[in-house]
Chemist: 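Before I ask anything, here is the structure I am working with.
In what follows, every heavy atom counts, from backbone to side chain, and hydrogens, waters and symmetry copies are set aside.
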Amino acid sequence: MPKPKDDFDALYGYLLYDPVDVLDADYMYTVPEIARMLQGLDPTTDLDDETEDRLVEWTIPWIIANESDFVINDPRGDEPGYFGLHPDVVPEEGEE
């Protein structure tokens, strides 16, 4: 059910980061690791399952919306896929 804006103590702008602002160009990350980083957490932070599931649910559409900014590996066996920055979105040294 919709609620009036006056029902909320604070409202914030909705900010979506560009992948180049979140990921290190020299590394590849799993979706759960990216989800943590989008929240300002270290990618190795231990989270309870419910929190991790919710963060992953929010992260997958962000990855899809930014698909051209990513490269992905060919997963081996049961390993997860890893995402990294596409070389075309990584600024040259001295740029930014």
Chemist: Measure from the side-chain N and O atoms of Arg36 to the backbone N and O of Thr45, and report whether any donor-acceptor pair falls under 3.5 Å.
Modeler: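 Pair found, side chain donor or acceptor close to backbone of Thr45.
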Chemist: CD of Glu67 to CD1 of Ile72: how many Å apart, nearest 0.5 Å?
Modeler: 11.5 Å
Chemist: Counting distance only, does the side-chain N/O of Trp62 pair as donor-acceptor with the main-chain N or O of Tyr17 below 3.5 Å?
Modeler: yes
Chemist: What is the distance from atom CE of Met37 to atom OH of Tyr27, rounded to the nearest 0.5 Å?
Modeler: 10.5 Å
Chemist: With Asp48, which residues qualify under side-chain hydrogen bond (donor to acceptor under 3.5 Å, both in side chains), at least two apart?
Modeler: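 Only Thr51 meet the side-chain hydrogen bond (donor to acceptor under 3.5 Å, both in side chains) criterion with Asp48.
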Chemist: Does Glu50, at its CD atom, have more than 12 non-hydrogen atoms belonging to other residues, nucleotides or ligands within less than 6.0 Å?
Modeler: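 For Glu50, atom CD is not crowded (no more than 12 foreign heavy atoms under 6.0 Å).
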Chemist: So which heavy atom on Ser68 is nearest to which on His86, and how close?
Modeler: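 Answer, listing the atom of Ser68 first, then His86: O-CB, 3.8 Å.
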Chemist: Checking side chain to side chain contact (heavy atoms under 4.5 Å, CB included) for the pair Phe83/Thr30: CA distance, chi angles, key distance, verdict?
Modeler: CA-CA 6 Å; Phe83 292 83; Thr30 64; over 6 Å; no
Chemist: Only counting residues at least two apart or in another chain, list the ones meeting ring pair (Phe, Tyr, Trp, His ring centres under 6.0 Å) with Tyr82.
Modeler: none
Chemist: Does the side chain of Met28 come within less than 4.5 Å of Val71's, by heavy atoms?
Modeler: yes
Chemist: Could you state the interatomic distance from CG (Asp88) to CG (Asp69), rounded to the nearest 0.5 Å?
Modeler: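 Separation between the atoms: 9.5 Å.
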Chemist: Mind checking what makes side chain to side chain contact (heavy atoms under 4.5 Å, CB included) contact with Gln39, not counting sequence neighbours?
Modeler: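 Gln39 satisfies side chain to side chain contact (heavy atoms under 4.5 Å, CB included) with Leu41, Leu55, Trp58 once adjacent residues are dropped.
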Chemist: Under the criterion side chain to side chain contact (heavy atoms under 4.5 Å, CB included), which of Asp24, Val22, Asp18 is the partner of Val20?
Modeler: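 That would be Asp18.
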Chemist: Mind listing the closest non-hydrogen atom pair of Lys3 and Asp7 along with its distance?
Modeler: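 The answer is CB-OD2, 3.9 Å.
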Chemist: Ignoring hydrogens, what is the shortest heavy-atom contact between Pro75 and Gly81? Give both atom names and the distance.
Modeler: CG-CA, 3.9 Å
Chemist: Is Val31 linked to Leu47 within one hydrophobic cluster, defined over Ile, Leu, Val, Met, Phe, Trp and Tyr using a side-chain heavy-atom separation of less than 4.5 Å?
Modeler: no
Chemist: Would you check if Leu23 and Phe70 make a side-chain contact, meaning some heavy-atom pair closer than 4.5 Å?
Modeler: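 Heavy-atom side-chain distance check passes, below 4.5 Å.
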